[in-house]
Each structure stands twice: as structure tokens, then as C-alpha cells.
Amino acid sequence: MSPAIPVENYLYLAIVLFSIGAAGVLIRRNAIVVFMCIELMLNAANLVLISFARHHADPAGHIYVLLVMAVAAAEVAVGLAIMIAMFRERKSIHVDDLRDMHG
Amino acid sequence: MGFTPEALLFAVFSVSSVIAALGVVVIRDPVKAALSLIACFFSISCLFVLQSAELLAVLEILVYAGAIMVLFVFVIMLVENRDEAIVNPALGQRLGVPLKLAAVALVAFALLNGVRRAGLSTPEDLPTDFGSVSSVGHEFFDNFLFHFEVTSVLLLVGIVGAVVISKRRKPQT
């Protein structure tokens, strides 16, 4: 069985999703939305891994996606805890308000 | 011009995932942005199914759309939710936005060009059980056992770290 969709199409879609996520990370001010955009970028990377796993018929790509999901879950738990601590300290979660290390 | 069902599904879910992803960036309300992100994860998991990664499609829904986004929505409700402009209204910040978008577009263009020139070979034939629980499980526990163990330690550290960081500190005496 040969797939109807060439792998390039999935890669183009992943690049578009990754760029949207990167743009969101750069321009949004709300730290939680920035974090959600990082999740979007991780998912674009997952899509690439799945596409190449399909392309080479190699299940190792699926394992990497599983590991990315586990790392993302740990990252979200710690990151959101940091945001709660930050909100408690500053009453704000806007990235513009964190300028202590700005010099 | 005949569309195969697979091509039609790919078109539908790729367009819906891109629209939902744009929603995450442009919607001002964080709760609605989170809902848009969940829609994006659903579309991406449908694309996983199209690549015969059934197990990961289910996990995408369970882990991302289920666990991670619930955590996000909880934290959005916990912190103050000011309805403010997406971009900092200060002039210097606003002028930076086109620059940032141009940088992202440059990276995207480079990546697209790279894929276009890569000249990927024809895909290989899949075994019938590709992407099933048993095939992924065999791969995981035969070849990636160490990664599995390290992941469990990572998750434990993440749980403990999240509790310690978000714990309310006792007032110092």
C-alpha cells in the first residue's frame, strides 16, 4: 500500500504550525499563552517525527514522540507551578513585567 | 479531478489545525485560546491516524487535550485574567512586532526551502501492525528500555518540583 499523501505535505504543514507557534511565543504578552504556543511548537515537531516514522516504516519515531509527550507533561507541570509562584509574588503573569534581569 | 479519501481528510485536518493554531495566537482571552489549542490537538491527532500512528493519536488526545490542557485551564482560572491587548501598546514594543514576524517568516522560508530541495525517497511499505500498541510497545521495551526508566524519573522529579515551587511559603519568623 503506498500512501496518497507525500511526506513533504506533512512537513510543510508542520513548518507552518511551528512558525505560528514561534510567532505566538515572540509577540504574546501573557506567559500562559506563550506556554501554550510552545506546546504547539512541540506538536509540530511530533508531527515531523511521526511523518518520518511512517516514511521509513520505523517505529523508533513513535518512541521519540512518546518521550516528547512525557517531557512536555513534566515541563507543563513545573512551568505552570512557576507561573503560580510568579503570580503570587507579582500579581501579574505578563512577560513584560519580568524585567529584573534586564540590567 | 479525483480526490482520494486520504487526500481529502488530509486537506480538511491540515486546514483546521492551521486555523486553530492561528486562533491560539490571535485570540485575546486565554481560555478561548486554550480551547482553540485543544481543537488544534484534535486535528493533529487525526493527522496521526492518517499516518497509521493509532496509539499516538489516542495518547495525543489523552495526554495533550486531556491532561495538559486541563492543567492549563486550571492555572488560567487561578491567576488574574486581565483582558488586555495582545501586544504591548508601548511604541517600541509595537514596532518590534513586524521585525519578529519577519524573523519567523525567514526561518519558515529556510525550512520550507530545505524540505523542497531534500528530494525524499519513496516511502517504504508498512508492516500491517505498524503503530499498534504491540508494535510500539515491543520497540519501546526492546530498544528503549533505558529511556523509559529515565522518563519515569523525570516525571517523578516534575511532580515533586511542581509541588515544591507552587507551595505557599510559611511566613518567616
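Below, chain A is the first sequence line, B the second, and so on; all start at residue 1.
For chain B, the nearby parts of A/Ile82 are the backbone and the side chain; heavy atoms of each come within less than 4.5 Å. Heavy atoms closer than 4.5 Å to chain B are found in both the backbone and the side chain of A/Leu47. The contact between A/Ile15 and chain B is made entirely by side chain atoms (from C-beta outward), counting heavy-atom distances below 4.5 Å. Of the two parts of B/Ser14, the backbone and the side chain both hold a non-hydrogen atom closer than 4.5 Å to a non-hydrogen atom of chain A. Proximity to chain B involves both the backbone and the side chain of A/Leu26, based on heavy atoms less than 4.5 angstrom apart. There is no contact between A/Ala14 and chain B, counting heavy-atom distances below 4.5 Å. Contacts of A/Ala72 with chain B are made by both backbone and side-chain atoms, with heavy-atom separations under 4.5 Å. Neither the backbone nor the side chain of A/Val34 comes within less than 4.5 Å of any heavy atom of chain B. B/Leu56 touches chain A through backbone and side chain together, each having a heavy atom under 4.5 Å away. Residue B/Val107 does not touch chain A at all, counting heavy-atom pairs closer than 4.5 Å. Of the atoms belonging to B/Ala103, not a single heavy atom falls under 4.5 Å from chain A. The contact between A/Ile32 and chain B is made by backbone and side chain atoms together, counting heavy-atom distances below 4.5 Å.
By the ring-ring contact (aromatic ring centres under 6.0 Å, His included) test, B/Phe42 is found to be paired with no residue, residues two or more places apart in sequence or in another chain being considered. The side-chain hydrogen bond (donor to acceptor under 3.5 Å, both in side chains) search around B/Ser16 returns B/Ser43, not counting sequence neighbours.
Ring planes of A/Phe52 and A/His56: parallel class, angle under 30° (limits at 30 and 60°). Taking the six-membered ring where tryptophan is involved, the planes of B/Phe148 and B/Phe141 are perpendicular, since the angle between them exceeds 60° and thus also 30°. Aromatic ring orientation, B/Tyr64 versus B/Phe41: tilted (interplanar angle from 30° to 60°).
Clustering ILVMFWY residues whenever any of their side-chain heavy atoms sit less than 4.5 angstrom apart, transitively, puts A/Leu67 in the very cluster that holds A/Val65.
Heavy-atom neighbours of B/Phe146 CZ from other residues, nucleotides or ligands within 6.0 Å: at or below the threshold of 12.
Residue with the most contacts toward chain B among A/Tyr10, A/Phe18, A/Tyr12, A/Phe35: A/Tyr10 (heavy-atom pairs, distance under 4.5 Å).
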